[in-house]
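Keep in mind it's a predicted model, so treat the numbers as computed, not measured. Computed from heavy atoms alone, side chains included, the values below leave out hydrogens, waters and symmetry copies.
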Amino acid sequence: MDNVLYNTFFGYQSGNAGPTGNYNTGIGFASLYSNTAGTYNTATGIDALQINTAGSYNTANGAYALYNNSTGNFNTATGYGALQSI
């Protein structure tokens with residue numbers, strides 16, 4: 001069972017990059033859109049964690065929450081635009 005991905009994506013363009021990371025959940029339009037290697041991320045809301053590529057262990061709840069986070073780890077953002085520019 002090598003390379004098994006335990007990802008769940010729901011919403012247009014959610015998880016669009018075809019991630020290689022495991023254990024990610026994206027719910028909402030373009031959530032985790034750019035994720036390629038990040039693991040254990042949860043994004044709920046339009047564009048939540050959209051720019052994330054390799055960041056792991058992040059939780060973003062709300063539209064645009066943690067939007068610009070690319071490689072940061074262990075972040076939690078709740079609410080519209082929370083930590084959008086980190």
Side-chain angles (χ1 to χ4, degrees):
M1 303 238 335
D2 292 337
N3 299 322
V4 174
L5 305 176
Y6 298 99
N7 297 309
T8 302
F9 297 110
F10 181 77
Y12 182 67
Q13 294 187 333
S14 182
N16 190 65
T20 57
N22 291 306
Y23 307 104
N24 295 297
T25 301
I27 301 172
F29 174 83
S31 59
L32 280 167
Y33 177 87
S34 301
N35 191 68
T36 54
T39 58
Y40 297 98
N41 294 299
T42 301
T44 57
I46 295 170
D47 292 327
L49 270 169
Q50 188 194 51
I51 304 300
N52 190 73
T53 56
S56 296
Y57 302 96
N58 295 298
T59 302
N61 295 308
Y64 308 103
L66 277 169
Y67 177 88
N68 284 311
N69 183 69
S70 179
T71 58
N73 300 310
F74 301 102
N75 295 293
T76 300
T78 302
Y80 179 89
L83 294 173
Q84 180 177 352
S85 297
I86 153 178

State the [atom1]-[atom2] distance between [X] and [Y], to the nearest 0.5 angstrom.
| X | Y | atom1 | atom2 | value |
| --- | --- | --- | --- | --- |
| Tyr57 | Tyr40 | OH | OH | 5.0 Å |
| Ile27 | Thr44 | CD1 | OG1 | 6.5 Å |
| Thr76 | Leu66 | OG1 | CG | 8.0 Å |
| Asn35 | Asn7 | CG | CG | 7.5 Å |

Side-chain ([X]) to main-chain ([Y]) donor-acceptor, under 3.5 angstrom:
| X | Y | result |
| --- | --- | --- |
| Asp47 | Tyr67 | no |
| Asn41 | Asn58 | yes |
| Ser14 | Phe9 | no |
| Ser34 | Gln50 | yes |
| Thr39 | Asn22 | no |

Qualifying residue, where the test is side chain to side chain donor-acceptor pair (under 3.5 Å) with Asn52 and the options are Asn69, Asn75, Thr71 =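 The option that passes is Asn69.
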
Has Ile46 got more than 12 heavy atoms of other residues, nucleotides or ligands less than 6.0 Å from its CD1?
->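 Open: at most 12 neighbouring heavy atoms sit under 6.0 Å from CD1 of Ile46.
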
Are [X] and [Y] connected, step by step, through hydrophobic side chains (Ile, Leu, Val, Met, Phe, Trp, Tyr) whose heavy atoms are closer than 4.5 Å?
| X | Y | value |
| --- | --- | --- |
| Phe10 | Tyr12 | no |
| Tyr80 | Ile51 | yes |
| Tyr64 | Leu83 | no |

Using distance alone, with no hydrogens and no angle criterion, decide if Thr53 and Ser70 have a side-chain donor and acceptor under 3.5 Å apart.
->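 Looking only at side-chain atoms, Ser70 and Thr53 do form a donor-acceptor pair, the distance falling under 3.5 Å.
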
Between Gln13 and Asn16, do the side chains contain an N or O donor and an N or O acceptor separated by less than 3.5 Å?
->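 Looking only at side-chain atoms, Asn16 and Gln13 do not form any donor-acceptor pair under 3.5 Å.
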
Could you tell me which non-hydrogen atom of Ala65 sits nearest to which non-hydrogen atom of Ala60, and how far apart they are?
->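 That would be O-CB, 3.5 Å.
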
If every non-hydrogen atom of Ala48 is compared with every non-hydrogen atom of Gly62, which pair is closest and at what distance?
->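 Here Ala48 and Gly62 meet closest at CB-O, 3.8 Å.
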
